[in-house]
Number of protein chains: 2
Amino acid sequence: MAHFFVSQGRDDLPRWREAFSDARMCSAQQARAQAAYGDHVWVMSNIEGWTTLATTLSSRGAILVVLSYTPTSQEAFQALNAGARGYAHALSPAMLLQQIVVVTENQGIWLWPELLTQVVGSTFKALGGENALREDVLALLTGREKAVALAVASGKSNKEVARILDITDRTVKAHLGAVFRKLKVRDRMQLVLMLSQSESSLMDAD
Amino acid sequence: MAHFFVSQGRDDLPRWREAFSDARMCSAQQARAQAAYGDHVWVMSNIEGWTTLATTLSSRGAILVVLSYTPTSQEAFQALNAGARGYAHALSPAMLLQQIVVVTENQGIWLWPELLTQVVGSTFKALGGENALREDVLALLTGREKAVALAVASGKSNKEVARILDITDRTVKAHLGAVFRKLKVRDRMQLVLMLSQSESSLMDAD
DNA sequence: AGAAACATTGTACCGATGGACATGGCAACA
DNA sequence: TGTTGCCATGTCCATCGGTACAATGTTTCT
């Protein structure tokens with residue numbers, strides 16, 4: 001099975017050659033044209049439109065691994081969504097690249113270890129396994145705190161929440177403080193990221 | 001490396017022996033006592049308290065694979081959260097078990113194939129529509145605005161974004177103001193609600 | 001050459017936010 | 001009858017966030 005490396009610069013080719021003697025470097029167009037079922041395609045996440053390329057190639061049956069100079073759970077999530085079977089650091093040594101191939105060839109998924117737990121979490125969030133987790137965290141809150149948390153998570157300001165729940169904006173802050181402490185988040189942004197994608201209503205409101 | 005099978009009945013032992021001649025069947029207690037770093041531990045999801053067992057063993061460095069007679073995405077989620085590296089059907093043939101070992105030994109994750117297609121397939125379908133819309137709105141932004149918007153949408157503060165992009169926090173505000181105007185949102189909360197459905201990011205953490 | 005878009009930074013203002021500390025009412029429970 | 005937990009509210013204060021107005025430099029296109 002062939003190995004295609006889709007990248008911009010050519011700095012990395014030597015290391016890839018070291019890992020796979022038959023490694024070929026190519027553009028996105030070439031990969032699109034030549035990569036076939038069972039081939040390994042390594043795509044750098046800093047090239048333009050890597051997600052669409054990943055999607056088309058993986059749906060064709062190519063084994064796709066995304067490489068990133070700055071791995072993040074978000075990007076890993078995106079890579080998996082695009083059908084990638086692996087996500088690793090762009091500077092991974094040759095031995096690691098070979099190991100990744102062993103895994104992916106055997107129907108496995110390979111993730112940058114530092115991100116593993118996070119990605120597993122957020123990926124399954126998208127499937128609905130999230131609900132259990134979300135209900136769990138909400139279970140830590142009292143009724144009023146839950147109401148405030150959900151309202152805030154839908155984009156409302158403290159004042160708006162106060163008006164909706166018919167309490168003072170100061171009280172909203174008090175509940176919110178408790179929510180932050182219990183859920184271990186530092187501000188409303190983190191809260192929204194933790195509770196979003198559910199029935200949290202509309203963000204236009206008034 | 002040893003193979004421990006934690007199960008109730010002994011019906012499955014023959015198949016496991018076929019896959020791994022050194023397979024040992026044992027109770028949860030025995031596994032807890034004997035399994036060491038690098039050992040494979042196969043846990044049936046129908047035994048009492050399998051999640052806690054999985055957590056302790058995997059944190060000890062054992063390679064954990066959860067087997068289930070009725071695989072579901074929820075249970076897979078639980079298993080992976082408990083530190084399992086694999087999740088498969090309890091009746092998987094010997095060859096498949098060996099394949100799983102190849103994957104997990106190489107730091108990979110192995111998921112029940114039917115589940116995997118869900119991850120790659122249905123998630124994509126679910127996010128496909130939103131994704132197109134999201135790409136559309138992002139297309140309205142300049143490169144720098146996009147970077148700022150995505151960083152902010154991932155929960156970063158202005159100061160953090162400034163540090164990451166190596167610009168002043170004032171400049172971040174400037175770009176962010178443009179983003180708000182172009183996307184017609186009134187603050188970062190609305191932005192996160194607009195972009196958090198399908199993540200994407202090029203930025204790194206601290 | 002000049003316009004237009006982009007990126008960067010500045011000052012200044014003001015509202016929103018979050019934490020610390022304190023008070024009071026109300027219910028359940030030992 | 002205390003104690004405990006939840007709800008509501010208050011003041012004070014440091015910081016963050018968003019906007020308005022202004023300026024400088026770089027591309028890019030006309």
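No hydrogens, no waters, no symmetry mates; every other heavy atom, side chains included, goes into these values. Letters A, B, ... mirror the listed sequences (proteins, then strands); counts begin at 1.
Dashed line: the shortest gap from a side-chain N or O of B:T168 to OP1 or OP2 of C:dT9 is under 4.0 Å. Applying the 4.0 Å criterion to OP1 and OP2 of C:dA7, one finds that B:T142 has a side-chain N or O inside that range. Taking only side-chain nitrogens and oxygens, B:T171 comes nearer than 4.0 Å to OP1 or OP2 of C:dT9.
Mapping heavy-atom proximity under 4.0 Å, the span of DNA chain D touched by chain B runs 5' to 3' from D:dC16 to D:dC21.
Residues B:K156 and B:V161 form a side-chain contact, since some pair of their non-hydrogen atoms from C-beta on lies under 4.5 Å apart.
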So which protein nitrogen or oxygen atoms get under 3.5 Å of nucleotides 12-18 of chain C's nitrogens or oxygens?
| from | atom 1 | to | atom 2 | distance (Å) |
| --- | --- | --- | --- | --- |
| C:dA16 | OP2 | A:K159 | NZ | 3.3 |
| C:dT17 | OP1 | A:R188 | NH2 | 3.4 |
| C:dT17 | OP2 | A:N158 | N | 3.3 |
| C:dG18 | OP1 | A:R188 | N | 3.2 |
| C:dG18 | OP2 | A:R188 | NH1 | 2.8 |
| C:dG18 | N7 | A:K173 | NZ | 3.0 |
| C:dG18 | O6 | A:K173 | NZ | 3.0 |

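With ring centers used as reference points, A:W42 lies under 6.0 Å from A:F20.
The neighbour count for B:K182 NZ, taken as heavy atoms of other residues, nucleotides or ligands under 6.0 Å away, is above 12. Counting heavy atoms of neighbouring residues, nucleotides and ligands inside a 6.0 Å radius, atom CG of A:D22 exceeds 12 of them.
Side chain of A:T56 to backbone of A:T52: a donor-acceptor contact under 3.5 angstrom is found.
For B:K173 and B:E145, the salt-bridge test fails: no basic side-chain N is under 4.0 Å from an acidic carboxylate O.
Ring geometry for B:Y69 against B:H89 counts as perpendicular: the plane angle is over 60°, on a 0 to 90° scale with 30° as the lower cut.
Summarising the geometry, the separation between CG on B:L141 and C1' on C:dA5 is reported as 14 Å, rounded to the nearest angstrom.
Nearest heavy-atom pair, A:D39 versus A:Q34, reported as atom, atom and distance to 0.1 Å: OD2-O, 4.2 Å.
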